[in-house]
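Position 1 is the first residue of the sequence; numbering continues from there. Quick note: numbers below take in every heavy atom, side chains included, and nothing from hydrogens, waters or symmetry partners.
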Amino acid sequence: MSRHVAIVTDSTAYLPQGTMERHGITAVPLTVVLGDRALEEGTEITARSLAQALQKRRPVTTSRPSPQAFAEHYRKVAESGATGIVSLHLSAELSGTYDAAVMAARESPVPVRVVDTGMIAMALGFCALAAAETAETGGTVDEAVTAAEKRAAGTFAYFYVDTLDYLRRGGRIGAAQALLGSALAVKPLLKLVGGRIEPLEKVRTASKAIARLEEIAADRAGSAPVDIAVHHLSAPDRASALADRLRVRVTGLADLHVSEVGAVIGAHTGPGLLGVVVSPR
């Protein structure tokens, strides 16, 4: 049985399954409540079925994992040989997932460091990868946490949404409330700041907004080594085209991931989402 520092995250990191397996990262799923059915993200509800439900205006809410779910996960990880666990999660400003993990950590058979990364989606995923790479080279729990926090400090996330209505319904937009009065007349660009979703710019058309999203991401990436993720919900062609343009523009590009967000993030952004995560190495 191997002895190691294990990396745990949650299902909103949206790391490719192959990447998680290669680095030994595991994830605790959040829950999407569709009508009267509670469904685990990643196993019981797909992004496509979520998008269809949203388009039909069916009631959709999300829920954190229970402390018991985290406790069981930590127990299994410890039984696999882990001597310590680094548990990295989406922003506590957006979800109670971090709090549930903290409660469960008190019962873990091995030490657990729970980290509020202040990130979402692959912005969280890149933090988990940084921690896992440190652990793989013999790093301690503290060193893995430091690697994740350093990655988070340099990572930026930007979003285009077709409408703010879904964010408004879920209470996830914070200061973006200021945009609501003109939401129907503009296409909003948003950014992640201090773990919260805040307004960035208001652009008049979707095409101009996406072009501006590309420009902002390319400028932020600069020429140093950088990883980028392009996310979408029900907009694969837009995401693929944006990724292709960033491959050309970003000279220091190391890895570029293109993926559809899962049901939890999708429930709060709605179909048409485009997101770009820029994470310097």
Side-chain angles (χ1 to χ4, degrees), residues 1-33 38-45 62-153 155 195 261-265:
M1 183 179 291
S2 63
R3 312 295 289 175
H4 61 281
V5 172
I7 308 303
V8 174
T9 186
D10 59 65
S11 59
T12 68
Y14 302 136
L15 283 162
Q17 186 60 38
T19 300
M20 292 181 66
E21 292 173 357
R22 188 161 57 251
H23 292 280
I25 301 168
T26 58
V28 178
L30 274 73
T31 299
V32 176
V33 181
L39 305 168
E40 283 191 355
E41 181 175 43
T43 58
E44 297 178 333
I45 183 169
T62 59
S63 176
R64 71 179 190 180
S66 68
Q68 292 77 15
F70 272 111
E72 178 65 13
H73 196 88
Y74 294 153
R75 183 186 64 77
K76 290 180 179 179
V77 169
E79 288 176 352
S80 75
T83 56
I85 299 171
V86 177
S87 198
L88 302 155
H89 300 293
L90 80 161
S91 171
E93 294 280 349
L94 302 174
S95 169
T97 300
Y98 167 80
D99 293 331
V102 168
M103 285 187 277
R106 299 172 187 144
E107 304 175 14
S108 173
V110 297
V112 180
R113 285 280 302 278
V114 184
V115 180
D116 171 13
T117 65
M119 300 282 114
I120 54 175
M122 271 298 291
L124 167 59
F126 287 132
C127 294
L129 279 174
E133 289 165 355
T134 299
E136 287 166 1
T137 59
T140 65
V141 165
D142 286 346
E143 288 169 339
V145 169
T146 296
E149 290 177 338
K150 182 178 179 181
R151 194 72 185 256
T155 295
V261 299
V264 168
I265 299 300

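The backbone N or O of Ala27 sits nowhere less than 3.5 Å from a side-chain atom of Thr9 that would complete a donor-acceptor pair. Without hydrogens or angle criteria, Thr134 side chain to Ala130 main chain gives a donor-acceptor distance under 3.5 Å. Checking side-chain atoms of Ser11 against main-chain N and O of Leu30 turns up a donor-acceptor pair under 3.5 Å.
You'll find the side chain of Thr26 reaches within 4.5 Å of the side chain of His73, heavy atoms only. Residues Leu88 and Leu124 are in side-chain contact: their nearest non-hydrogen atoms beyond the backbone lie under 4.5 Å apart.
The CZ atom of Arg64 sits 12.0 Å away from the CG atom of Leu90 when rounded to the nearest 0.5 Å. Note: Gln17 CD to Ile25 CD1 = 10.5 Å, rounded to the nearest 0.5 Å. A distance of 6.0 Å separates CG of Leu94 from CD1 of Ile120, quoted to the nearest 0.5 Å. To the nearest 0.5 Å, atom CD of residue Glu21 and atom CG of residue Leu15 are 11.5 Å apart. Here Thr31 contributes atom OG1 and Glu44 contributes atom CD; the two are 8.0 Å apart, rounded to the nearest 0.5 Å. Atoms CD and CG, on Glu136 and Leu129 in that order, are 9.0 Å from each other to the nearest 0.5 Å.
In this structure, Ala148 and Ala131 approach most closely via the heavy-atom pair CB-CB, 4.2 Å. Between Met103 and Pro67 the shortest heavy-atom distance is CE-CG, 3.6 Å. Residues Val8 and Tyr74 come closest through the heavy atom pair CG1-CE2, 4.4 Å.
Side chains of Tyr14 and Glu41: a donor on one and an acceptor on the other come within 3.5 Å.
Sequence neighbours left out, the pairs with a member in residues 102-126 that pass side chain to side chain donor-acceptor pair (under 3.5 Å) are Arg113-Asp142.
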Checklist entry - side chain to side chain contact (heavy atoms under 4.5 Å, CB included) between Phe70 and Thr97: does it pass, once the steps are laid out? => result CA-CA 9 Å; Phe70 272 111; Thr97 300; 3.7 Å; yes
Next on the checklist: For a salt bridge (charged side-chain N to carboxylate O under 4.0 Å, His left out) check, start with the C-alpha distance between Lys76 and Glu79, then their side-chain angles and the critical distance, and finish with the verdict.
Outcome noted: CA-CA 5 Å; Lys76 290 180 179 179; Glu79 288 176 352; over 6 Å; no
Item to check | side chain to side chain contact (heavy atoms under 4.5 Å, CB included) between Thr83 and Val110, intermediate numbers included | outcome: CA-CA 6 Å; Thr83 56; Val110 297; 5.7 Å; no
Item to check | Evaluation steps, side chain to side chain contact (heavy atoms under 4.5 Å, CB included), between Met119 and Thr155 | outcome: CA-CA 9 Å; Met119 300 282 114; Thr155 295; 4.0 Å; yes
